[in-house]
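Contents: one structure, followed by commentary.
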2 protein chains.
Amino acid sequence: MVKKARGTQRREESLSRDRIIEASIALLDSSGESGLTFRALSERLATGPGAIYWHVANKSDLMTAACDTIVARTMNAPVDGATPKAIIRAVALAMFDAIDAHPWVGSALTRAPGQLPTVRVLERIGQQLCSLGVPDEEQWATVSALLNYILGVGGQNAANTHIAQEQDLDRSNFLGEVSTAWSQLDPDEYPFTRGVAGQLRVHDDRVDFLVGIDLMLSGIESSRGR
Amino acid sequence: MVKKARGTQRREESLSRDRIIEASIALLDSSGESGLTFRALSERLATGPGAIYWHVANKSDLMTAACDTIVARTMNAPVDGATPKAIIRAVALAMFDAIDAHPWVGSALTRAPGQLPTVRVLERIGQQLCSLGVPDEEQWATVSALLNYILGVGGQNAANTHIAQEQDLDRSNFLGEVSTAWSQLDPDEYPFTRGVAGQLRVHDDRVDFLVGIDLMLSGIESSRGR
DNA sequence: ACCTGAACACCGTTCAAGT
DNA sequence: ACCTGAACACCGTTCAAGT
């Protein structure tokens with residue numbers, strides 16, 4: 001048994017890194033990326049802005065820590081899939097859903113390359129690539145491609161949600177507006193975009209996301225000489 | 001330090017949207033994303049912050065416009081490649097290089113989904129997919145995957161440059177540090193990441209980027225051939 | 001050790017007032 | 001019409017001072 005000599009709580013609970021991170025996540029989820037300020041945070045924690053700096057280096061550190069909490073939770077959840085391919089798909093989808101549920105995680109991941117949150121995903125996918133028999137020298141480029149795709153699409157998708165929110169539209173109205181704009185483009189300069197505008201309106205982000213994953217997985221397989 | 005009166009009259013040209021955008025690009029290129037402020041911009045243009053708002057809606061509008069200038073320049077440059085596949089590769093690489101040269105373009109693209117700059121790339125790639133014989137119903141998901149990959153990796157790469165800059169390291173030193181951190185991870189929890197740490201140190205971003213593109217192109221081909 | 005909160009050096013944006 | 005620049009409502013971060 002470790003722990004405290006002076007067991008009685010001072011206030012509710014005393015301030016701690018974990019409590020700060022937990023409050024940050026709540027703030028980010030409810031008010032978006034712009035909702036996380038040291039003032040809002042300190043108010044919610046019934047303290048002063050300066051106190052937070054005792055537990056956290058700066059805002060970027062705080063964002064990365066909040067992000068890592070979500071990613072760790074996501075990567076630790078059990079995933080069903082029998083084959084390496086199925087597991088990669090499942091892991092990718094779990095990340096997609098996590099970013100969709102917490103759009104701020106998308107931009108946080110981009111801003112902390114090579115940090116712990118990214119590494120969790122990298123590791124998870126990398127292990128499956130080994131099982132797939134991707135040779136050592138190709139492993140880095142292959143995970144890198146998959147990881148970048150996952151973070152890229154997730155981030156893009158989060159940005160969509162964010163913008164739609166900012167304009168007080170729901171997601172489908174936002175896509176509807178973009179789709180309309182596309183179909184009014186100059187037919188000579190933008191034939192393809194015009195032609196695809198309709199698909200934009202009715203598409204399913206999750207499905208499209210998986211198409212890309214499958215494209216890459218099938219590319220990996222075919223270079224295995226299958 | 002004396003403020004010199006330069007011989008040239010500063011406001012020889014009147015303010016215009018184009019002049020503002022041009023100055024913004026210069027500022028972004030020289031001082032990074034945080035270098036673009038309405039104060040710095042108005043000083044450079046020898047005017048007041050308020051004047052800029054006559055030509056530009058807000059900062060986000062300004063960023064998107066600056067971004068579009070770079071993307072338009074990149075997409076209008078001639079590209080060599082005989083086959084649709086080669087052209088897609090060349091277009092992708094051109095975007096990679098543009099984002100590498102102007103890291104702020106990466107984040108700007110993410111923050112303006114469906115806007116003109118993205119559409120330029122979408123159109124360019126989409127036309128080649130038609131030539132490749134991708135059927136109508138699959139066109140959206142396929143461009144979407146390619147586009148997201150390009151923007152995702154480009155953005156990630158730009159973030160790397162940005163962070164390295166912030167820490168006053170050059171790029172390879174930054175990667176060296178990340179690589180060292182990775183090789184010190186717990187061997188039981190992160191075997192793959194540790195194993196791949198060496199490849200991170202010596203890898204070439206451009207080459208890795210192309211690996212992903214080729215993975216997708218070969219996935220597209222193999223689903224055509226079936 | 002941990003916390004407080006005022007103060008500092010910035011932002012983007014607005015707007016009455018000028019030409 | 002276009003521009004000016006002070007003013008407003010915020011930020012992240014610091015730090016002397018408290019417990």
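Here is the naming used below: chain letters follow the sequence lines, and residue numbers restart at 1 for every chain.
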Please write out each protein N/O paired with an N/O of nucleotides 12-17 of chain D under 3.5 Å, distance rounded to 0.1 Å.
| residue | atom | partner | partner atom | Å |
| --- | --- | --- | --- | --- |
| D:dG12 | OP1 | A:K59 | NZ | 2.7 |
| D:dG12 | OP2 | A:F38 | N | 3.1 |
| D:dG12 | N7 | A:R39 | NH2 | 2.4 |
| D:dG12 | O6 | A:R39 | NH2 | 2.7 |
| D:dT13 | OP2 | A:Y53 | OH | 2.7 |
| D:dT13 | OP2 | A:K59 | N | 2.9 |
| D:dT13 | O5' | A:Y53 | OH | 2.9 |

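- One finds no side-chain N or O of B:W54 lying less than 4.0 angstrom from the OP1 or OP2 phosphate oxygen of D:dC3.
- A distance below 6.0 Å separates the ring centres of B:F96 and B:F209.
- The salt bridge (charged side-chain N to carboxylate O under 4.0 Å, His left out) check on A:D18 picks up nothing, with sequence neighbours excluded.
- Contact check on B:E33 versus B:R111 returns a salt bridge, with a Lys/Arg side-chain nitrogen under 4.0 Å from an Asp/Glu carboxylate oxygen.
- Between atom CD1 of residue A:I87 and atom CD of residue A:Q128 there is a gap of 4.0 Å, rounded to the nearest 0.5 Å.
- The distance from atom CG of A:L41 to atom P of C:dC3 is 13 Å, rounded to the nearest whole Å.
- For the atom pair B:W104 CH2 and B:M63 CE, the distance stands at 6.5 Å (nearest 0.5 Å).
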- prompt: Using Watson-Crick and G-U wobble pairs with both distances under 3.5 Å, what is the 5'-to-3' dot-bracket string of DNA chain C, with [ ] for crossing pairs and | for pairs outside the strand?
  reply: ||.|||||...|||||.||

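- As a whole-Å value, the separation of A:R17 CZ from C:dC2 C1' is 16 Å.
- Partner of B:M95 under the side chain to side chain contact (heavy atoms under 4.5 Å, CB included) criterion, out of B:V153, B:I150, B:L147, B:I70: B:I150 alone.
- As a whole-Å value, the separation of B:I52 CD1 from D:dG5 P is 13 Å.
- Checking side-chain atoms of A:H203 against main-chain N and O of A:L200 turns up a donor-acceptor pair under 3.5 Å.
- Between B:D188 and B:R194 there is no salt bridge, since no side-chain nitrogen of the basic residue lies less than 4.0 Å from a carboxylate oxygen of the acidic one.
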